[in-house]
Asker: 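Here it is, the structure in full.
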Amino acid sequence: MSHCAKQAARFKPIRLVDMTTRLSQLFLRTLRDNPVDAEVASHRLLVRAGYIRRAAPGIYSWLPLGLNVLRRIEQVVREEMDAIGAQEVHFPALLPKEPYEASGRWKTYGDGIFVLGDRKSEEVEPRVRRPNYLLAPTHEEMFTLLVKDLYSSYKDLPVNLYQIQTKYRDEARPRAGLLRGREFIMKDSYSFAVTDEDQQAAYAAHRAAYIRIFERLGLPAVPVAADNGNMGGSASEEFLFPCEIGEDTFVESDGGYRANVEAVTSVPPEPVEYDDAPAAVVHHTPGTDTIETLVDAANADHGRQDRAWTAADTLKNVVVAVVTPEGERRVAVIAVPGDREVDLKRADATIGAKLGVAGEVSVEAAEAADLAKNPGLVRGYIGPGLSLEAPYLGAESATGIPYLADPRIVSGSRWITGANAQDQHVFGLVAGRDFTWDDTIESVVVRDGDPAPDGSGPLTTRRGIELGHIFMLGRYFSEVLDLKVLDENGKQSTVAMGSYGFGVTRAMAALVEANHDDKGIIWPSTVAPADVHLVATGKGSEVYEAAEKLASELDSAGLKVIYDDRPKVSPGVKFGDAELLGVPTIVVVGRGLSEGKIEVKDRRSGEAQNVALDDAVPHLIERAASLL
RNA sequence: CGGGAAGUAGUUCAGUUUGGUAGAGCGCUCGCUUUGGGAGCGAGAGGUCGCAGGUUCAAAUCCUGUCUUCCCGACCA
């Protein structure tokens, strides 16, 4: 044993200083006014309470208390990841562009990433730097390449790797403080497996770990079925925290079905017999280029006996522009019941596949120029045509314009729709008899009351904050980056991947959204910056001496203490700050001291009780334990 | 990228209509008093009024341009 090792072996760590946070020393300034740029509660309170400061739009600096809470959240995530056998690694945030070019994302991410050039990237003439690096928005490429770098056998798999890392996205409009920033911290893990069983096991393990994480954090986030984007793969779920200010919309039924609106599927009605249906008739319907005017005109001039026409009797043909990855702009028509609106985001998810376009497409509302290029489309009077023999819309039709229909348009359903001529509509057009379509598409805005696809009852729509997303990535990245291992037959096998993201900074904001009142934050004890916020108030030196002693004893007992020892600060300010900062237990050493009592106050309920100073330490230890 | 609002002290804001020596609350510094719900009195520090140009004897204020920020929407595995 070396001399140094002997010295080290003799060294016994002792706690030289207590860990109590003294407000007289803490780098903190609480704000009485709400910051002008903060709208949502989490943003307002985290800034006011001195946890974070804005450094640039969507970019925040972390102050001591904020960093403390952030680290505690990270720790929960880390423990649960480790518990399922995932191993922590850490990649740079600053990355060369080559891996992203190889995966295609240097282009497809487009304006969404921060790019930059190093000194070698400078062109002599003109003297500009061309980007050859990026600040990573996520790290799929790096994880994939790292496994490729080191592993080459099926025997090495499965493996789960994760990191907790700062990510950068050039959000067009950062908002709501930590909820949508341009710099944020994310835990992202990836599973690598050869067999489907292993892949599903990794997915299930992550799903269970996420549920435990949310339980431990005290965040009632729920898994909802999600759209897995254009990366392929199968299972995909988001963990949403239901909250009015959330940017995601999801649906749920009483029976427990939950899905993001982008992923929900509609329940088509049964096909209808149409043998006895009368032939379709074209009527002159002047000035009816909207559904509303059309319904009015239909009831006024062509009313039916049994009931009035409604918007649901009309077939709305919505012209959209589909932009391909190459930038080509194609026109398509989507047919939906007239009482429904098209959700371009939902259409976006599947329209590429329906039209046979590879890669990521985007769907936009058609503009005047799009219509002008297709003179056959008469705005307000567009329809599929009058007969199957001569369809007007569809890939095989006269116009060749792709025609996609909502699943509610089933065989035998009867419609009032445009006759492709100014002021002309056709009544009694029967789906399947008079017209057909290239394919169906889920694209209408989901409404409250729509049935759940699994028969579990009517749906209601809610808003939520996306805190996690787990999904099977399939083999997209392993294909493009050539991650293969030898399988047991000695053949090259492309590795299947799973991707599991968790928004750490966003979870912190969500925690505040879920836990605050008009006075300030109310941290769950698992992430609170301390167990006890000790306030000394009174004029004599006795309260400070007693509080100091109590702080020291609590610290020795293993409780984390924030001690407000500021001598010239009035009681009102101290109470206000304690409530703003949000530590779950507030202890006041003050006027009760003469009777040997202190006050123990629950931050959440506001309930206070007097406790004998002599019993304070065990009482608070027990209380802290009961809160966990 | 479309629509709206706003840039004045660390911060929250007034002052701009009608051009005339830069203001208030909170915060900060010093002194005295005060100490269970954001204390009182007194004395201070702190601002190229986003930037550039123009009009004028004179511009925070009027004109032109420009930049930035925030909100709503679009976008966003």
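Everything quoted here is computed from the prediction, not taken from an experiment. Atom set for the values below is all heavy atoms of this structure, side chains included, hydrogens, waters and symmetry mates excluded. Proteins come first, then strands; the chains are lettered A, B, ... in the order of their sequence lines, and each starts at number 1.
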Asker: If we ignore angles and hydrogens, is there a donor and acceptor under 3.5 Å between the side chains of Asp188(A) and Tyr190(A)?
Answerer: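 Result is yes, a qualifying pair exists.
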Asker: Just how far is it from atom OG of Ser42(A) to atom CE of Met508(A), taken to the nearest 0.5 Å?
Answerer: 9.5 Å
Asker: Please report the distance separating the P of G73(B) from the corresponding atom of A14(B), rounded so that it comes out in whole Å.
Answerer: 25 Å
Asker: Quick one: look up who A45(B) pairs with, Watson-Crick or G-U, both distances under 3.5 Å, and put none if it's unpaired.
Answerer: none
Asker: If the C1' atom of C63(B) is compared with that of G19(B), how far apart are they to the nearest Å?
Answerer: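 C63(B) and G19(B) have their C1' atoms separated by 13 Å.
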Asker: Any N or O donor-acceptor pair under 3.5 Å from the base of A77(B) to the side chain of Arg169(A)?
Answerer: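 No, the side chain and the base share no sub-3.5 Å donor-acceptor pair.
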Asker: Counting only Watson-Crick pairs (N1-N3 plus N6-O4 or O6-N4) and G-U wobbles (N1-O2, O6-N3), all under 3.5 Å, who is the partner of U17(B)?
Answerer: none
Asker: Partner lookup for G38(B), please. Criteria are Watson-Crick or G-U wobble with both distances under 3.5 angstrom; report none if nothing qualifies.
Answerer: none
Asker: Sort and list the pairs that fulfil salt bridge (Lys or Arg N to Asp or Glu O under 4.0 Å) and have at least one residue in residues 93-104 of chain A, not counting sequence neighbours.
Answerer: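 Found Lys97(A)-Glu101(A).
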Asker: Looking at A74(B), which nucleotide sits across from it as a Watson-Crick or G-U wobble partner, both distances under 3.5 angstrom, or is there none?
Answerer: none
Asker: If we take the C1' atom in both G42(B) and G4(B), what is their distance in whole Å?
Answerer: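 Looking at atom C1' only, G42(B) and G4(B) are 47 Å apart.
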Asker: Side chains of His139(A) and Gln165(A): donor-acceptor distance under 3.5 Å anywhere?
Answerer: no
Asker: According to side chain to side chain contact (heavy atoms under 4.5 Å, CB included), who are the partners of Val36(A), at least two apart in sequence or on a separate chain?
Answerer: none
Asker: Does either side chain, that of His206(A) or that of Ser189(A), offer a donor lying less than 3.5 Å from an acceptor on the other one?
Answerer: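 On atom types as modelled, these side chains qualify, holding a pair under 3.5 Å.
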Asker: Where along residues 33-43 of chain A does a heavy atom fall under 4.0 Å from RNA chain B?
Answerer: Asp33(A), Asn34(A), Pro35(A), Val36(A), Asp37(A), Glu39(A)
Asker: In the structure shown, which nucleotide is the Watson-Crick or G-U wobble counterpart of U69(B), with both distances under 3.5 Å?
Answerer: A5(B)
Asker: Counting only Watson-Crick pairs (N1-N3 plus N6-O4 or O6-N4) and G-U wobbles (N1-O2, O6-N3), all under 3.5 Å, who is the partner of C26(B)?
Answerer: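 Per the H-bond distance test, G10(B).
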Asker: Taking the C1' atom of each, how far is U34(B) from U11(B), in whole Å?
Answerer: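 About 26 Å, rounded to a whole number of Å.
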Asker: Taking the minimum atom-to-atom distance to the side chain of Arg29(A), which one of A77(B), U69(B), C28(B) wins?
Answerer: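 Of the options given, the side chain of Arg29(A) lies nearest C28(B).
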Asker: Provide the full list of side-chain hydrogen bond (donor to acceptor under 3.5 Å, both in side chains) pairs with a residue in residues 529-539 of chain A, sequence neighbours left out, each pair given once.
Answerer: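 Qualifying pairs: none.
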Asker: My understanding is that only residues two or more places apart in sequence, or in another chain, count here; which of them pass side-chain hydrogen bond (donor to acceptor under 3.5 Å, both in side chains) with Lys574(A)?
Answerer: Tyr544(A)
Asker: Name the pairs: protein N/O against N/O of nucleotides 73-75 of chain B, kept only if under 3.5 Å.
Answerer:
| from | atom 1 | to | atom 2 | distance (Å) |
| --- | --- | --- | --- | --- |
| C75(B) | N4 | Arg175(A) | NH2 | 3.3 |

Asker: Can you tell me, in whole Å, how much space there is between the P of C57(B) and that of U68(B)?
Answerer: 35 Å
Asker: What interatomic distance, in whole Å, is found between P of U56(B) and the corresponding atom of U48(B)?
Answerer: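 U48(B) and U56(B) have their P atoms separated by 28 Å.
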Asker: Summarise how protein sits on nucleotides 34-40 of chain B as a single string, 5' to 3': B when a protein heavy atom is under 4.0 Å from the base, S for sugar-phosphate-only contact, - for no contact.
Answerer: -BBBBS-
Asker: Return each pair, listed once, that meets salt bridge (Lys or Arg N to Asp or Glu O under 4.0 Å) where at least one residue sits in residues 55-64 of chain A; pairs must be two or more places apart or across chains.
Answerer: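 Qualifying pairs, neighbours excluded: none.
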Asker: Tell me which pairs pass salt bridge (Lys or Arg N to Asp or Glu O under 4.0 Å) where either residue lies in residues 22-31 of chain A, with sequence neighbours left out.
Answerer: Asp18(A)-Arg22(A), Arg22(A)-Glu548(A)
Asker: My understanding is that only residues two or more places apart in sequence, or in another chain, count here; which of them pass side-chain hydrogen bond (donor to acceptor under 3.5 Å, both in side chains) with Tyr60(A)?
Answerer: His43(A)
Asker: Considering only the C1' atoms, how many Å lie between C72(B) and A60(B), rounded to the nearest integer?
Answerer: 30 Å
Asker: In whole angstroms, how far is the C1' atom of A77(B) from the NZ atom of Lys167(A)?
Answerer: 13 Å
Asker: Roughly how many Å apart are U61(B) and G50(B), using the C1' atom of each and rounding to a whole number?
Answerer: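 After rounding to an integer number of Å, I get 16 Å for this pair.
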Asker: With sequence neighbours excluded, what pairs up with Asp448(A) under the side-chain hydrogen bond (donor to acceptor under 3.5 Å, both in side chains) test?
Answerer: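 Testing Asp448(A) for side-chain hydrogen bond (donor to acceptor under 3.5 Å, both in side chains), a comparison that skips the adjacent residues, returns Thr461(A).
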Asker: Name the nucleic acid region contacted by Glu140(A), choosing base, sugar-phosphate or nothing; use a 4.0 angstrom heavy-atom cut-off, strictly under.
Answerer: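 If one applies the 4.0 Å heavy-atom cut-off, Glu140(A) turns out to touch a base.
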Asker: Only counting residues at least two apart or in another chain, list the ones meeting side-chain hydrogen bond (donor to acceptor under 3.5 Å, both in side chains) with Glu74(A).
Answerer: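 So Glu74(A) forms a side-chain hydrogen bond (donor to acceptor under 3.5 Å, both in side chains) with Arg71(A).
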Asker: Across all strands, who's sitting opposite U56(B) as a Watson-Crick or G-U wobble pair, both distances under 3.5 Å?
Answerer: none
Asker: Provide, to the nearest angstrom, the distance between the CG atom belonging to Leu179(A) and the P atom belonging to C71(B).
Answerer: 12 Å
